[in-house]
Protein chains: 2
Amino acid sequence: MASLDRTLIANLPLFSGLKPEELDALLSEAQSVRYPKGVTVFHQDAEARAFFVLLHGHLRVFKLTPDGQQVVVRFVVPGEVFGVAMAIGRTVYPGTAVAVADSIALQWPSAAWPRLAAAHPELANNTLQTVGARLQDMHTRVVEMATLEVERRIAHALLRLAQQAGRKVETGVTIDFPISRQDVAEMTGTTLHTVSRILSAWEARGLVESARQKITLRQPHQLMLLAEGTG
Amino acid sequence: MASLDRTLIANLPLFSGLKPEELDALLSEAQSVRYPKGVTVFHQDAEARAFFVLLHGHLRVFKLTPDGQQVVVRFVVPGEVFGVAMAIGRTVYPGTAVAVADSIALQWPSAAWPRLAAAHPELANNTLQTVGARLQDMHTRVVEMATLEVERRIAHALLRLAQQAGRKVETGVTIDFPISRQDVAEMTGTTLHTVSRILSAWEARGLVESARQKITLRQPHQLMLLAEGTG
DNA sequence: CGGTTGATTGACGGCGTTCAATCAGGGTGG
DNA sequence: CCACCCTGATTGAACGCCGTCAATCAACCG
């Protein structure tokens, strides 16, 4: 295995405040793993053997209900930590992570977490910030689901996706990984049918441009108005 | 001000792993405050001056939407930390906390958090566990809202309340603080009308016993079956 | 004892799910 | 390179859960 360059991780939030030597020490214990598109990184309820940092690609994290329905928890974008079950006191993963594009991640054994966190207090602190931010995200999601009708929820979801995984193109901003109607439905608590209908309507109005597993926002500002209820 | 006894906080999760001297040091900086029923502890979007531990009573934490709707985030029970905005990197409180019963809390200035967390690494770690647990809670709430019909969501909500704030009485388990239909509605993303109808139906079946701001579960097990979809 | 807050219940309607059928794209194997 | 097939998407029709509107009632407080 080629040795890992510290510049790979120097600017990631998880490692902010760490000295170069500390980065090197951490990297020396890390293992780099490729996850081709479609592959499962870890399974819900499986023993949490490792925690990860995504270097490249995109993951879809979801929960499976007893009756087989899926709910998308989030999409992991490059630079993010994921699978931090151990850090928050869990022994199993609370969800399943699947690569929706060819991906590369660094991983550390979960067992190493207590030692690493003790040796580098910034690590625990940065993780606390990250988990806190995710908690906020889930709060706003609950608020949206409790108060907004489906169309506005979908608008919010797409805008958020565009913000964290958007790529500018001539016609607007496109979501930079394959995403289906079903995915959007599982993010917003509705059905793919309703999502399809709404996207069709938006397409007719020129707000978005969509194809198989692909969504481009042509008029993000208009969508924002719609999301806010002003449109 | 009377000096605070370390046994007040020795067994709280936030302080687990700390030595007696450390507890005393922390207590010497703490301030004890009373919040009579109905009083607001802090306001959404206000500067996060302090973080807290609830010693006695119950708080209702909620978010207010732009159009004035409220969504209940959680109820704080004795022993819990709350208002930890600073620890998760926020400068303002993301929600409003109101005492639903006469309450007592310890508080520390937010500004002291970085120093305290550095001096007592367990503090950061324990907070990470707590915030992680809350994240899990919100995940399950999102899953429920996305997949379950209202009746089952309400069943889950009441069972959770009974678990964290239940008191055994002759006729079953009662929720140990004043809670209205409106509160339950704001927890489950529905309306007080629907909650009222469902509770009435349950009361007719002998599952619960309810009065003004009061709910008692007479057959928790039956309710569980209903929540699981088995009933 | 009046006023206010919380709860109950009925009627109605609509948003969104459910059921169903069809279509299109794109990868795979021959 | 074409034919096939499977997955994802579209769209119509009908139903039903639950939100909205509205009126009444009961409990608690000052």
Side-chain angles (χ1 to χ4, degrees), chain A residues 36-38 60 65 67-72 98 100-102 144-155 157-158 175 177-205 208-216 226 229, chain B residues 36-38 60 65 67-72 98 100-102 144-155 157-158 175 177-205 208-216 226 229:
Chain A
K37 175 175 174 172
R60 178 174 170 279
T65 66
D67 62 318
Q69 296 187 71
Q70 296 188 5
V71 176
V72 170
V98 175
V100 293
D102 291 344
E144 286 176 8
M145 292 188 66
T147 62
L148 302 185
E149 58 272 39
V150 170
E151 185 173 38
R152 290 177 61 186
R153 297 210 299 269
I154 295 176
L158 292 189
I175 294 167
F177 56 84
I179 183 167
S180 68
R181 310 284 183 261
Q182 179 76 37
D183 289 329
V184 177
E186 288 171 5
M187 295 180 68
T188 52
T190 179
T191 63
L192 78 159
H193 308 276
T194 301
V195 173
S196 185
R197 274 181 247 273
I198 286 174
L199 285 186
S200 294
W202 286 353
E203 187 139 27
R205 291 170 55 186
V208 303
E209 191 180 307
S210 79
R212 191 190 181 80
Q213 308 235 57
K214 182 158 189 49
I215 302 177
T216 304
L226 210 160
Chain B
K37 175 175 176 176
R60 177 173 170 278
T65 66
D67 62 318
Q69 296 187 71
Q70 296 189 3
V71 176
V72 170
V98 175
V100 293
D102 290 345
E144 285 175 9
M145 291 188 66
T147 63
L148 302 184
E149 59 272 37
V150 171
E151 184 173 38
R152 290 178 60 188
R153 297 210 299 272
I154 296 177
L158 292 191
I175 294 167
F177 56 84
I179 183 166
S180 68
R181 311 284 183 258
Q182 178 75 35
D183 289 329
V184 177
E186 287 171 6
M187 295 180 68
T188 53
T190 180
T191 62
L192 80 159
H193 309 275
T194 301
V195 173
S196 183
R197 274 182 248 273
I198 287 175
L199 286 186
S200 293
W202 287 352
E203 187 139 27
R205 290 170 56 187
V208 303
E209 190 181 308
S210 79
R212 190 188 180 84
Q213 308 236 56
K214 182 156 189 50
I215 303 176
T216 304
L226 210 161

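Residue numbers start from 1 in every chain, and the chains themselves are labelled A, B, ... in the order their sequence lines are given, proteins ahead of strands.
Taking the side chain of B:Ser210 as heavy atoms from C-beta on, and the options D:dG8, C:dT17, C:dT8, the nearest nucleotide is C:dT8. Candidate nucleotides D:dC18, C:dG10, C:dT18 were compared by shortest atom distance to the side chain of B:Arg197, and C:dG10 ranks first. Out of C:dT18, C:dA7, D:dC18, the shortest distance to the side chain of B:Gln213 is found at C:dA7. Distances from the side chain of B:Ser196 to the nucleotides D:dA9, C:dG10, C:dT8 place C:dT8 closest. Nearest to the side-chain atoms of A:Ser200 among the listed nucleotides D:dA9, D:dT11, C:dT9 stands D:dT11. Taking only side-chain atoms of A:His193, from C-beta outward, the nucleotide of D:dA27, C:dA20, D:dG8 with the closest atom is C:dA20. Comparing C:dT5, C:dT8, D:dA9 by their closest approach to the side chain of B:Arg212 singles out C:dT5.
The phosphate of D:dT7 (OP1 or OP2) has no side-chain N or O of A:Ser180 nearer than 4.0 angstrom. Proximity of B:Thr194 to the phosphate of D:dC17: no side-chain N or O atom is located under 4.0 Å from OP1 or OP2.
Although no hydrogens or angles enter the test, the distance criterion places no donor-acceptor pair under 3.5 Å between the side chain of A:Arg181 and the main chain of A:Ser196. Without hydrogens or angle criteria, A:Glu203 side chain to A:Ser210 main chain gives a donor-acceptor distance under 3.5 Å.
Judged by distance alone with a 3.5 Å cut-off, no donor-acceptor contact links the side chain of A:Arg181 to the base of D:dT11.
Between B:Arg153 and A:Gln182, it is A:Gln182 whose nearest contact on DNA chain D lies nearer the 5' terminus.
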